[in-house]
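Report on the structure given below.
When reading the values below, keep in mind they use all heavy atoms of this one structure, side chains included, and skip hydrogens, waters and symmetry mates. Chain letters run A, B, ... following the sequence lines, proteins first, then strands; residues in each count from 1. Fair warning: this is a prediction, and the values are worked out from it, not measured in the lab.
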Protein chains: 2
Amino acid sequence: MECQQLAAMPSTFPVGGALTRMTKTVPEKNRRDTNRSDAPPSSSTEMEARKAAILNAVVSEYIATAQPVGSQHVVHAPGVSVSSATVRSDMAALERDGFLAQPHTSAGRIPTDKGYRFFVDQLGGSASLDTASRQQVRTFFDRAHGEIEEMLNETSGLLANLTDCTAMVVGPTHESSAVRSLQIVGLGPRLALLVVVLADGAVQKQSLEFAEDVDEATLHEAALLLSGVVVDHTLDQHGPVPTIKGRTSLNRVVQVALGGLDSLSAAARSDQLFVGGSSRMATAFDAVDTVRSVLTILEQQLVVVSLLRDILDTGLSVAIGTEHGLEPLASCAIVVAPVSVEGQEVGTIGLLGPTRMNYPLALAAARVVGDQLGQHLAEGSRSEGNR
Amino acid sequence: MECQQLAAMPSTFPVGGALTRMTKTVPEKNRRDTNRSDAPPSSSTEMEARKAAILNAVVSEYIATAQPVGSQHVVHAPGVSVSSATVRSDMAALERDGFLAQPHTSAGRIPTDKGYRFFVDQLGGSASLDTASRQQVRTFFDRAHGEIEEMLNETSGLLANLTDCTAMVVGPTHESSAVRSLQIVGLGPRLALLVVVLADGAVQKQSLEFAEDVDEATLHEAALLLSGVVVDHTLDQHGPVPTIKGRTSLNRVVQVALGGLDSLSAAARSDQLFVGGSSRMATAFDAVDTVRSVLTILEQQLVVVSLLRDILDTGLSVAIGTEHGLEPLASCAIVVAPVSVEGQEVGTIGLLGPTRMNYPLALAAARVVGDQLGQHLAEGSRSEGNR
DNA sequence: CATCAGCACTCACTACAATGGAGTGCCAAC
DNA sequence: GTTGGCACTCCATTGTAGTGAGTGCTGATG
């Protein structure tokens, strides 16, 4: 913290006894800056490469051990063939630049969010799942059957198992899905159920209550009338319903049903969220209030869904610490991946873990499962459409 | 533990240097026994009443403070008008009888599961919700609308809010519900959706896949055939479907749909579980692995449902510690209440908290919400049936 | 004989030094 | 620029009292 301020400070006047340190800080910072804008001298790139290697080594080891990493632990890492003293000096520079932090003097370094960010960025899309996991994903989707909601829920369980993170799966909305069938089923003299089947296989229902007794025939007629204007349109874009003269009772039923359709339309617009493996959060943190606040967030579906969407919209695939807005999740990282069917995003996959989560694994798992899920959904929708 | 063995031991030979203690233990035990069988001397009942008062005071205070309770804290409790020395001797007796335990010598007492059990048993059904909470429940059910699943889910949230426990709501199965409507909606040339509406307002769907292309008319015909034998029966008790000669394609569709009906029948038999406020578990415990193991249990729907049913079947309304079978929940207590519609149990309400949970509140909340929920469900089903 | 004041005792909890060690920053030398 | 050496820092551990809440036991008492 203190060092960060030092580095950010304009080089006006050295503070206290830190003169020598200050004089070293400023050129260091300048070099980095020129490095970015101009053609860098080769010696500098070498330097930068080593620092990157050190940073990576620190992040990797910290992820593995959760212990602050000292210079001694890093000297044997690939790309670092220098003494611990040099590593120390580089680490100090990395700390000044905000990539590393020290819990206290005379302790090792731990990565900051910025450090994790660097680690993740240079990771690229290289990583892949090991064969056992890939096999697990494949058999899962081969055996996947039944209804989509159940499948999405099981997918969240699969992801949680693979990554040891809490997994979130946002299923497709039914917003743009056309109505295939509309039906009104009587349940009581004044009670009926509006049942709508959409082209994507979703079934939505809405109970209808009438002020007067309605017989089955009238319900049937009303359903036919509505079917005429709703089928093959989306729920929110249906045509006007003709009013039948002299049939006040029928018209009233139609009005009630139209209200029901509006409710369904609203419901179709909302996403469905499936969360799996929330117990993993209790394994990841040792502070029980962190667990509590994370669980509290997870209970708010709306928050989670919009969080995932926000991250995806900003083009990120990982949000670390405070990169998303939610403070309760400041010690968490979120890995997201889209689920696409024919180029169109229909869902989101999210993995929630501590900032020191296994990023390569999480990224690979999210990508692979997202792809497979998209493919699986595509198979379902391919056979429709041409009817 | 040791003391418990002592008390259970036949009075043969004093052990070690505990002679004086032993001689005191035995008449103490005998008196308790005669107390139960014969007409007790009045001085003894007084004694027992005081011990009960002390036990209650200890449990109450431990629930409130989570700190071991010393004899000094109990002397001012109602029903205890004796000195701390006498309280101490009573507490020692209560410990020998297994109602209290000491974390270590020279610490106060904490209740054992048996102690909680006594506390809960003598609590009776006296407790009730405070007016604010009662009002909250009432407005909740007044405003409750929409579909049953959503409502049950929100009920779990309400319960969690009221009691600060994790709430579980098991909804009614659709096993005994008659079919009101059956429909087959085509989604693709070889893909269709079987949609069944039950009398209780549940809608079930099952995708059907055919080996060959099937046109809409055939689907409609098949639906009519099936409707004839299924409507007004439960899903698992429908009559045989007539085979139409010379219509192999139709018959094949019917066969596939019958398979779908079997799946639906199985699904109708399974209960639906809604869990709310799982984050409360993280507030209740300070050991993070306890939280993890509890969350792991909560993720297993089947386990939770059968757990609740087991407790309800044994006639209990509270299961404390190890009274249910699950070791991971040994430090938890579970309060259950049935949800009944016209005398028939259609669901279960469960509250999960630490053994030192607020039993009066939890019991009252479970009972009240269970009643209200049953009433609410009854209103829905009353208007059906006579159609 | 149940009750109680008194007393010795136990033991977690806290505070406070002392020690060890992992790790750092700095510097002079290569 | 890199490195070995060195002084320094500070956490973590250990040991040692001291404190206090609480107990069990005992002998006195109505």
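- Per the geometry, CD belonging to Q102(B) stands 8 Å off C1' belonging to dG22(D), to the nearest Å.
- For S128(A), the side chain to side chain donor-acceptor pair (under 3.5 Å) partners at least two apart in sequence or on another chain are R134(A).
- In this structure, I110(A) places its CD1 atom 14 Å from P of dG23(C), rounding to the nearest Å.
- If you measure from atom CZ of R96(A) to atom P of dT24(C), you get 14 Å, rounded to the nearest angstrom.
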For residues 67-80 of chain B, run the donor-acceptor check on the side chains, cut-off 3.5 Å, and write out each pair with its distance to 0.1 Å, sequence neighbours left out.
from: S71(B); atom 1: OG; to: R88(B); atom 2: NH1; distance (Å): 3.4

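- The distance between atom CG of L94(A) and atom P of dG25(C), rounded to the nearest whole Å, is 11 Å.
- For F118(B), the ring pair (Phe, Tyr, Trp, His ring centres under 6.0 Å) criterion is met by F99(B), not counting sequence neighbours.
- Between R109(B) and dT23(D), a side-chain N or O to OP1/OP2 separation shorter than 4.0 Å is present.
- No donor-acceptor distance shorter than 3.5 angstrom exists from the side chain of T355(B) to the backbone of A333(B), with no hydrogens or angles considered.
- In terms of the side chain to side chain contact (heavy atoms under 4.5 Å, CB included) criterion, residue partners of S83(B) (sequence neighbours excluded) are, by chain and number, A85(B), T86(B).
- Rounded to an integer number of Å, the gap from CG of D90(A) to C1' of dC26(C) is 15 Å.
- One atom, CE of M91(B), and another, P of dC4(C), lie 15 Å apart when rounded to the nearest Å.
- When the side chain to side chain donor-acceptor pair (under 3.5 Å) test is applied to T296(B), no partner is found at least two apart in sequence or on another chain.
- Residues meeting the side chain to side chain contact (heavy atoms under 4.5 Å, CB included) test with S60(B), sequence neighbours left out: F119(B).
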Pairs: protein N or O with nucleotides 4-8 of chain D N or O, under 3.5 Å:
from: dG5(D); atom 1: O6; to: R88(A); atom 2: NH2; distance (Å): 3.3

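- Not counting sequence neighbours, D113(A) has no partner by the salt bridge (charged side-chain N to carboxylate O under 4.0 Å, His left out) test.
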Side-chain donor-acceptor distances from residues 316-332 of chain A under 3.5 Å, at least two apart:
from: E323(A); atom 1: OE1; to: R117(A); atom 2: NH2; distance (Å): 2.5
from: E323(A); atom 1: OE1; to: I320(A); atom 2: N; distance (Å): 2.9
from: E323(A); atom 1: OE2; to: R117(A); atom 2: NE; distance (Å): 3.0
from: E323(A); atom 1: OE2; to: R117(A); atom 2: NH2; distance (Å): 3.4
from: H324(A); atom 1: ND1; to: L326(A); atom 2: N; distance (Å): 3.3
from: H324(A); atom 1: NE2; to: G321(A); atom 2: O; distance (Å): 2.9

Between the protein and nucleotides 8-12 of chain C, which nitrogen or oxygen pairs come in under 3.5 angstrom?
from: dT10(C); atom 1: O2; to: S106(B); atom 2: OG; distance (Å): 2.8
from: dC11(C); atom 1: OP1; to: T105(B); atom 2: OG1; distance (Å): 3.0
from: dC11(C); atom 1: O4'; to: S106(B); atom 2: OG; distance (Å): 3.0

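- DNA chain D is contacted by G70(B), S71(B), H73(B) of residues 54-80 of chain B, taking any non-hydrogen atom closer than 4.0 Å.
- A donor-acceptor pair under 3.5 Å is absent between the side-chain atoms of T166(A) and the main chain of R280(A), judged by distance alone.
- Residue pairs that meet the salt bridge (Lys or Arg N to Asp or Glu O under 4.0 Å) test with at least one member in residues 99-110 of chain A, sequence neighbours left out, are E95(A)-R109(A).
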